[in-house]
Structure formats: C-alpha cells, structure tokens
Amino acid sequence: MNLLEELNDKQYEAVVNTEGPCLIIAGAGSGKTKVLTHKIAYLISEKNIKPWDILAITFTNKAANEMKSRVQNLIGDAVLDMWIGTFHSICVRILRKQIERIGFSKDFIIFDTSDQKTLIKNIIKNANLDDKIYSDKSVMYEISKAKNEMQDTDEYKKKVKGDFRREKIAELYSEYQKKLKENNAIDFDDIINFTIKILKENDDLLSYYGNKFKYVLVDEYQDTNKAQFILVSMLASVNKNITVVGDNDQGIYSFRGADISNILNFEKDFPGSRIIKLEQNYRCTQSILDAANEVIKNNETKYEKKLWTKNDKGNKPQIFRAETEYDEANYIVSQINLLKIQEYYKYKDFAILYRMNSQSRAIEDIFRRENIPYKIVGGLKFYERKEIKDIIAYLRLIQNSSDNLSLNRIINEPKRGIGKTSLSNVEDLSNKNSISMYEIIKDAAKYGLNRIYTSAKDFVDMIEELKKVKNSIKISELITMTLEKSGYLESLKKENTIEAESRIENLDEFLTVAMEYEEQAAEPSLNEFLEGITLSSDVDDLDDDGNSVTLMTLHSAKGLEFPIVFLVGMEEGIFPGYRTISSGDPNEMEEERRLCYVGITRAKEYLFFTCSKRRTIFGSTSYNEVSRFIKEIPKDMLDGYDNIENQDFITKDSYDIEWTYKNNYTKEKEKSDFIHSDNSNSTFKFRSAESFLKSLNVKKDAEDIDLSKYKAGVRVYHKKFGEGTINYVEEEGDDFKVDIEFEKFGHKRLMARFAGLEIVE
DNA sequence: AAAACGCCGGTTTTT
DNA sequence: CCGGCGTTTT
C-alpha cells in the first residue's frame with residue numbers, strides 16, 4: 001500500500017518493526033515525524049491495533065497537533081480515539097481521573113512557573129531567611145531539580161542531611177508542597193511525578209494503564225528528564241512495545257533537566273532493542289549540510305552518524321563581520337532585499353536566529369526603519385501580561401476559592417483600600433484557622449477585620465454573584481461581567497493612557513480567545529478553559545501564513561525550517577556564551593555546539609552567519625572574536641571568509657546609525673510602530689492566544705493582494721481600528737501608503753500590503 | 001495606601 | 001540599557 005511506498009529503506013524499517021523496543025536516531029530533516037505518523041497509521045490500518053491502545057507523547061502542543069493532523073490525513077478520524085499529547089497533558093488526563101488516590105480533589109488547578117515563584121517567595125519571606133542566600137531563583141531551581149530526580153520531600157530531606165543550606169531548603173520544599181495542597185494546586189513537575197506516584201502505589205492502575213497501552217511512542221526522546229523516562233518505562237512495562245525518536249545531536253535542554261543519557265542508555269534500559277539511524281536529509285542543500293557536519297563532528301557523540309542528501313549542492317554559507325550590531329542588522333536587510341528582488345523570496349521565507357532575546361533589539365530597530373515586516377517568537381508572552389494574569393486570577397478565584405495566590409493578586413486590583421497590612425492579617429488568620437483567605441474575608445466581621453469590612457464585603461459579594469452565574473452563562477459573558485463588576489475595566493479606562501488602551505485591547509483579545517474556545521469545545525467549562533491556558537503556550541503556532549520575517553532564539557527554532565536562515569551574533573562571548581566559556585565545562589560547550597548544529601540545519605537553501613566586531617550588550621560595549629564554531633568550518637566551505645579577518649573593513653556610517661538609534665530610539669519606535677502596527681506588533685502580542693486555540697482566522701497572504709482597489713473615498717475595514725475612509729493613497733516602493741480617517745481611532749497612515757484592509761461595500 | 005526612587009542582576013524555555 | 005523589586009517618600 002502507498003503508506004509504505006513513500007518511505008526510504010531506513011524509514012521503512014523503522015515503521016514496520018512494531019514489536020519490542022525501538023530507538024530511532026533521526027538526524028535533522030530526516031523525516032522523523034513522517035516515520036512516527038506512518039508507524040501509527042501502520043499499526044492501526046495494517047496491524048489492526050485499536051487507536052485507543054496507542055499512546056504517542058510529544059513535548060509541545062505544536063508537535064502533538066501536527067502529529068494528530070498528519071495521522072488524520074493518513075487514516076482519518078480514527079486518530080481521535082488515540083492518546084496523542086504532551087507529557088503534561090497526558091498525565092493531567094490520568095490525574096483528573098485518579099488523583100484522589102493521593103489525597104487531592106479532582107478539580108485541582110495547575111500552578112505555572114510564575115505562580116510557583118510567587119509562592120516560593122512568600123515561603124522564604126515567612127521563614128525569615130536571608131533572601132540573598134536563599135534566593136527565590138535558587139530555591140526554585142533546587143526544588144525543581146529534586147522533583148526532576150524524583151525525590152519527594154522526605155527523600156530530599158534524607159539526602160541533604162549535613163548540608164546546612166540544603167537542610168533549610170528541604171524545609172522550604174515541605175512547606176511549598178503543603179501550601180500547594182492547601183491551594184488545591186499542583187505544579188508542572190508534580191503533574192509528572194504524581195502520575196508516577198499513583199502508578200507506583202497502585203498496582204491495579206499500573207496494570208490497567210500498562211495493559212491498555214499496547215504501543216507507546218515518544219518524540220524528542222533526547223529531551224526527556226529522569227521522571228519522564230520513568231513514566232515512559234512504567235507505561236510500556238507490560239507490552240514493551242516502545243518506540244522512541246530523537247537525535248542526541250539536538251539535545252539543547254539540559255539546563256531544564258533534560259538528560260541526554262536517556263537516549264544514550266536506551267539499549268541498556270530496554271534490552272533487546274533495535275536501533276535505526278535515519279541519515280538521509282531531505283531539507284538542506286549539500287553545502288549547508290556539510291557545514292553542519294563539520295561543526296558537530298567536534299563533539300564526542302555516542303551515536304556516530306553522518307547526514308547526507310541527494311539535494312543540490314547549493315550556495316556556500318556566507319559569513320559577514322560587521323562593525324556594530326546595527327551594521328549587522330543593515331547587512332541582513334540588504335541581503336533580504338536582494339534575495340527578494342533577485343529570487344522572488346517572500347519575507348516569510350527568512351528567519352533570524354540568535355542566542356539571546358536581547359539581541360533582537362538592534363535588528364528590530366533597523367527593520368522598523370527599513371520597513372521590513374517581522375514577527376518575534378518569545379520575549380513577552382500574552383499570558384504573562386499583567387492584565388491577562390489579573391483576569392485569569394479573577395476567574396481562578398471564581399472557580400476555586402481556596403486559591404490564595406489569585407486572591408492576593410486581585411483583591412486590591414483595582415484599588416479597594418485593602419493593602420499590605422490588612423492582607424497580612426488575613427494571611428495569618430488563614431494559617432491559624434486552616435481555612436482559605438477567601439473564607440476569612442467572607443467572615444471579616446467575625447475575625448474582627450473592621451478596617452476592611454466594607455470593601456471586603458463588596459468584594460466577596462461580587463465574587464459570590466459571579467460564582468452563582470458561572471455555570472449558567474458563557475465564559476465570555478462571565479469575563480465581561482467580571483471586568484465590569486470588579487471595576488477593573490473602569491479603572492483602566494480612567495487611566496486614559498496609551499498603555500491602558502493597549503491593556504484593554506489585550507483584554508478584548510482574551511475575550512476572543514474565550515469565545516473561540518466556546519465554539520470549539522465539546523463541553524465548555526471554566527475549569528477546562530483555565531487548564532488549557534496554563535498548559536498551552538507560545539512557540540506552538542508559528543503559522544507560515546502572513547508575510548513577515550521571523551525573529552527568534554535558536555532554542556525556539558528547533559523543529560522548524562526556513563528557506564533562508566541568518567545565524568547572527570556568531571561571536572565568542574555571545575555564541576558560545578560568556579558563561580559557557582568561563583565555566584570551562586566541556587559538556588556545556590558541547591551543548592552550545594549542538595545548538596549551533598540545530599541552527600545551521602534549520603536552513604533549506606541559504607545560510608548566513610553574521611557577527612560584529614563591537615557590540616553593546618547590557619549597556620556596555622565589548623569587542624568580540626569570531627565564534628569558534630565558524631572556525632570549525634573549513635575556509636573553503638564558506639563565502640566571505642576574507643572579510644572576517646580584515647580589520648580595516650568599514651561599512652557605511654555605522655557610527656551615525658548607532659548614534660541615531662541610541663538618541664532617537666523612542667521617536668523612531670513610535671513612528672514606525674503604527675506603520676507596522678497590524679503586522680509586527682500585533683502578531684507578536686497575540687501569538688500565544690492564537691496558539692491556544694489555533695483555529696483563528698487565516699490571514700490573507702499579503703503579497704498577493706490587489707492594491708489597486710484602494711482609492712481615495714473608499715470605505716475600508718481594519719481589524720483593530722474598525723471602519724474608516726481613505727483620504728489619499730501614496731505610492732511607496734512596491735507598496736502603497738494609505739491615509740485613512742478611522743471613525744473610532746482617528747487619522748492613521750498604513751502600508752497597504754500589511755494592513756489587511758477590507759473594502760466595505 | 002500609593003507614588004517615587006534606587007539598586008541589582010541579567011542565557012537558553014516547555015508545560 | 002531595562003525591568004523587577006524593595007525601600008523611601010508623600
């Protein structure tokens with residue numbers, strides 16, 4: 001059947017060997033998703049395995065969704081009965097059924113990283129410890145590490161005996177778990193660990209799930225941590241049909257607990273396993289692949305592999321060394337424009353990859369000035385915005401009144417005259433009486449809280465009113481009602497600043513998210529909605545529609561591909577980073593090198609390396625050598641190598657540019673923000689919201705729109721600004737600047753290609 | 001209780 | 001340089 005015909009020999013082998021443990025080492029661009037999806041399809045359609053007996057685990061929602069839709073293309077709706085999801089979503093699914101076995105109630109909530117941080121901070125403060133020695137960051141790291149290594153509070157306590165500092169941290173850890181439980185909450189690590197705990201302590205469940213999952217498949221296996229490894233082993237323990245796919249050369253997440261030895265030890269952990277290497281690359285040109293191989297061969301890897309391709313040789317990767325980071329950005333712009341004109345590439349074909357988010361600044365400045373549309377992945381995220389967190393806190397409190405964290409967040413937001421002192425009283429009373437802070441406030445009179453009595457009563461009345469209606473009205477209605485009754489919206493409106501306006505816009509967007517959810521969900525519920533938000537996040541939906549250059553970190557780029565890639569900041573101290581160099585740890589350096597390998601192999605057709613002689617970062621300027629990773633590629637395999645050693649190389653007015661942007665930054669930014677407002681900024685602002693529902697309306701491909709229809713006097717509709725009338729149209733390059741008088745937002749000038757204007761009949 | 005000031009720290013990121 | 005957070009000021 002054609003399911004197998006499309007596969008090369010190795011891929012075929014990986015697909016049809018369904019029985020027993022199987023490790024697939026899949027090089028970059030070698031078709032690993034294809035193998036996974038075809039294997040699932042093969043199991044169902046050829047081996048007659050029931051979809052609900054198959055478990056497929058990924059790391060991101062994006063990967064899970066992609067896998068789902070690709071399997072669906074192969075075998076249709078049977079995929080809906082499968083267990084496909086992230087580690088976390090699959091465990092939550094199990095926990096929602098079984099968590100009572102470890103004494104939590106089924107409507108537990110999930111604390112995200114920032115909730116976690118807030119809670120830990122409180123605990124450190126209450127314990128009267130020096131927060132220099134016990135910083136929230138280090139304590140959080142220590143606790144998470146313990147959880148990653150599957151040590152519960154008792155085991156951790158035993159382990160650190162004799163180490164004064166960590167003994168204290170053990171106390172904090174216990175207190176932290178206690179508080180979580182009081183809030184009926186679990187954190188991300190608990191999601192995995194509690195699932196394991198339940199399986200360990202309940203033979204009936206271990207045997208139920210173990211027997212249920214006849215086939216287990218795990219994607220990105222090099223990114224698993226110890227807990228995830230144990231979970232997978234348990235779920236596959238009965239049938240032993242486990243397929244894992246990964247690439248040890250792409251392990252770039254050890255800093256968050258990923259343990260590359262999981263993939264290296266697979267044969268030991270799962271005796272009798274079969275190992276298949278996918279080495280044919282379908283993505284990159286030969287020249288790009290050569291460069292990647294040259295870099296990665298400097299690592300000592302256990303699974304030697306050498307990627308090859310039948311693709312054309314292509315152009316040599318280019319290297320360019322600029323004077324400053326602004327010059328570097330100018331070079332990028334010139335190359336983008338050149339390729340656009342000469343080879344008809346579109347903006348969306350380009351990606352700029354950097355080591356640190358802060359590197360995007362200079363590039364953004366120049367892109368704005370040069371009118372290059374762009375979108376940024378990462379950085380500020382939608383759900384991390386204050387106003388979004390606030391409305392979520394309201395909803396959480398309505399859903400679960402024992403959520404003290406949320407109460408703390410919004411009780412005085414907007415200002416209700418319930419300040420620090422009163423709140424800490426409430427907190428003490430809550431601890432003393434072992435009831436939630438909300439209950440205390442509800443009975444303010446009984447506890448002698450006369451000072452805040454009136455405002456507390458108003459607050460409680462409002463929440464109670466919302467609780468009453470929450471199941472009978474739509475979530476979007478609940479949100480609107482909450483924003484009104486709480487006075488939140490009103491206080492924002494009163495502020496009357498641009499910032500407040502943008503907050504209101506974001507809240508509107510949040511409302512849209514809720515409405516989309518209602519339409520999409522089988523049985524919409526507030527709890528499911530909130531859970532979806534916590535478990536969803538960013539990078540998930542880098543849609544290839546729209547038309548802008550993508551800017552992101554190398555980490556975010558994993559799993560993606562672009563026709564043209566710029567790897568910027570190829571400098572000692574930037575990439576590899578200063579910390580890695582000064583640590584002297586060869587393992588860390590190898591991870592940086594893997595990151596470089598990941599970056600190079602994102603490029604399909606053109607690859608540019610850029611670096612700068614001089615760079616201002618965190619306010620001070622440093623002079624950097626060219627990255628060692630560049631030097632690992634033989635000179636004759638790169639174009640422009642001469643430039644990087646020519647110290648006299650001077651580009652046009654680099655000082656001028658630097659000066660201009662340092663001094664006029666704000667002005668420039670404001671000016672260009674509105675020209676790009678519909679393009680760069682809004683995409684970036686709302687990306688996460690889109691990712692959560694991933695069903696948002698597809699934008700028109702801006703490059704194919706008919707610009708001639710915009711004329712003076714024509715009525716148009718803009719997504720954000722509403723309806724307006726065109727005053728005049730001005731030609732600018734290959735685009736038109738349209739001057740519009742909007743009814744609600746006044747006078748704006750927008751670039752026609754990017755504005756997404758619709759003609760109003 | 002809320003605004004203003006001043007210091008520190010600062011890869012990478014999913015869920 | 002820039003944001004977060006704790007402290008001081010009004």
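Predicted model, so just to flag it, every value in this text is computed and none were measured. Proteins get letters first, then strands, A, B, ... in listed order; numbering begins at 1 in each. The figures that follow rest on heavy atoms only: side chains count, while hydrogens, waters and symmetry mates do not.
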Problem set entry | Result of checking A:D189, A:D152, A:D187 against A:K147 for salt bridge (Lys or Arg N to Asp or Glu O under 4.0 Å) |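 Result: among A:D189, A:D152, A:D187, A:D187 is the only option passing the salt bridge (Lys or Arg N to Asp or Glu O under 4.0 Å) with A:K147.
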
Exercise. Is the number of heavy atoms from other residues, nucleotides or ligands under 6.0 Å of A:Y453 OH greater than 12?
Worked result: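 It does not: A:Y453 OH has 12 such atoms or fewer within range.
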
For this session: Assign A:S358 to base, sugar-phosphate, or nothing according to its heavy-atom contacts below 4.0 angstrom with the strands shown.
Result: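 A:S358: no heavy atom of the nucleic acid under 4.0 Å.
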
Exercise. Which part of the nucleic acid, if any, lies within reach of A:E220 when heavy atoms closer than 4.0 Å are counted: base, sugar-phosphate only, or nothing?
Worked result: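 Nothing, no nucleic acid heavy atom in range.
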
Exercise. Considering only B:dT14, B:dT12, B:dT15, which nucleotide approaches the side chain of A:R256 most closely?
Worked result: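 Closest of the options to the side chain of A:R256: B:dT14.
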
For this session: Select one nucleotide: of B:dT15, B:dT12, C:dC2, the one nearest the side-chain heavy atoms of A:N357.
Result: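 Within the option list, the nearest is B:dT12.
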
Problem set entry | Exercise: identify the closest heavy-atom pair between A:L119 and A:L180 |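 Minimum heavy-atom contact is CD2-CD2, 3.9 Å.
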
Exercise. Is C:dT7 syn or is it anti, if syn means the base angle is within 90 degrees of 0?
Worked result: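 For C:dT7, whose glycosidic angle is more than 90° from 0, the conformation is anti.
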
Does a side-chain N or O of [X] approach OP1 or OP2 of [N] to a distance below 4.0 Å, or not?
X	N	result
A:R416	B:dA1	no
A:N61	B:dT15	yes
A:N225	B:dT14	no
A:K558	B:dT14	no

Problem set entry | Distance-only donor-acceptor test (3.5 Å): side chain A:S556, base B:dT12 |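 Flag unset: no donor-acceptor pair detected.
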
Exercise. With distance as the sole criterion, is a donor-acceptor pair present between the side chains of A:N527 and A:S525 under 3.5 Å?
Worked result: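 Side chains of A:N527 and A:S525: no pair found under 3.5 Å.
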
